[in-house]
Amino acid sequence: MHKARLLGHCVRAWKSVRMASSWMTHRDLLANKVSLSLSTHRIGFAIARRLAQDRAHVVVNSWKQQNVDQAVATLQGEGLSMTGTVCHVGKTEDPEQLVATVSCREMGTEPGGGSVVIAAFSPLPGLSPYNVSKTALLGLTKTLATELAPRNIRVNCLAPGLIKTSFSRMLCKDKEKEERMKETLQIRRLGESEDYAGIVSFLCSEDASYITEETVVVGGGTPSRL
């Protein structure tokens with residue numbers, strides 16, 4: 001009985017904290033910073049929104065002009081500082097244009113420093129080739145962190161678990177399969193893009209100024225560990 005009452009107090013306290021935090025505005029973690037979001041899709045879009053909410057000027061890009069235009073229009077409509085450019089890695093001129101749009105000074109290669117966040121993958125059963133290609137980014141994180149440290153640029157990696165995207169919909173084609181996937185997680189739900197975005201903002205901020213070469217798993221307690 002005592003344990004039940006204690007648990008009830010904990011649950012009520014946690015709900016109070018969540019309700020209070022939902023009314024808090026974001027701190028200006030990234031004021032006067034320029035951030036580059038390399039996608040306009042669901043997770044990339046959520047990251048771009050959060051970075052801008054935390055007062056960064058964000059440059060979004062996609063391989064389709066239509067995607068860029070839609071993302072910029074939506075986020076500018078929310079009063080956020082946002083521009084965009086097309087970048088198709090198969091076209092030599094596009095990456096050059098991207099670098100020109102976001103200059104080296106703006107990205108933080110001056111003494112003020114900067115931050116790079118790489119998206120890897122928290123491995124899931126049945127996706128061996130994809131898992132291997134994505135976990136290679138863990139090595140890339142460590143290599144870049146070493147190479148860029150003299151320029152005061154931190155490099156970290158995020159490994160998302162099962163986030164609600166078009167990709168995850170293929171893994172959870174029906175409700176029964178989705179429920180089975182949830183049962184493998186400590187937190188019994190699929191992740192939302194917003195669960196991921198706040199961690200990126202933190203790693204880009206001065207609050208993470210002493211963190212580099214690390215991989216943060218945002219996986220809801222996935223059984224696969226890195």
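Heavy-atom basis, side chains included; hydrogens, waters and symmetry copies ignored.
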Keeping T212 on the side-chain end and A145 on the backbone end, is there a donor-acceptor pair under 3.5 Å? no
Drop me the distance from E194's CD to I47's CD1, to the nearest 0.5 angstrom. 10.5 Å
Distance-minimising heavy-atom pair for V72 and G84: CG2-N, 3.7 Å
Same cluster or not: are I199 and V117 linked, directly or through other Ile, Leu, Val, Met, Phe, Trp or Tyr residues, by side-chain heavy atoms under 4.5 angstrom apart? yes
Which heavy atom in S201 sits nearest to a heavy atom in R50, and how many Å separate them? CB-CG, 4.0 Å
To the closest 0.5 Å, what do you measure between OG (S81) and CZ (R55)? 9.0 Å
Heavy-atom pair with the smallest gap, counting every atom of L80 and A52: CB-CB, 3.7 Å
Enter the distance from D54:CG to S205:OG here, rounded to the nearest 0.5 Å. 8.0 Å
Return all side-chain donor-acceptor pairs below 3.5 angstrom for residues 155-163, not counting sequence neighbours, or 'none' if the list is empty.
| residue | atom | partner | partner atom | Å |
| --- | --- | --- | --- | --- |
| N156 | OD1 | E213 | N | 3.2 |
| N156 | OD1 | E214 | N | 3.0 |
| N156 | ND2 | I211 | O | 3.0 |

Counterpart residues, side-chain hydrogen bond (donor to acceptor under 3.5 Å, both in side chains), relative to E93 (two or more places apart): none
Nearest atoms (heavy-atom pairs only) where A197 meets A46: CB-O, 3.5 Å
Applying side chain to side chain contact (heavy atoms under 4.5 Å, CB included) to E147 and not counting sequence neighbours gives T143
The side chain to side chain contact (heavy atoms under 4.5 Å, CB included) partners of T83 (sequence neighbours excluded) come to H57, V59
For the residue pair S62 and V68, what are the closest heavy atoms and their distance? N-CG2, 3.5 Å
Shared hydrophobic cluster for V58 and W63 (ILVMFWY, side-chain gaps under 4.5 Å): no
Partners meeting side-chain hydrogen bond (donor to acceptor under 3.5 Å, both in side chains) with D94 (sequence neighbours left out): none
Suppose we screen for side-chain hydrogen bond (donor to acceptor under 3.5 Å, both in side chains). Which residues come up paired with T146, at least two apart in sequence or across chains? none
Side chain to side chain contact (heavy atoms under 4.5 Å, CB included) with T74: which residues, sequence neighbours excluded? F45, R49, E78
Which salt bridge (Lys or Arg N to Asp or Glu O under 4.0 Å) pairs, counting each pair once, include a residue from residues 79-90, with sequence neighbours left out? none
For the residue pair A48 and V60, what are the closest heavy atoms and their distance? CB-CG1, 3.7 Å
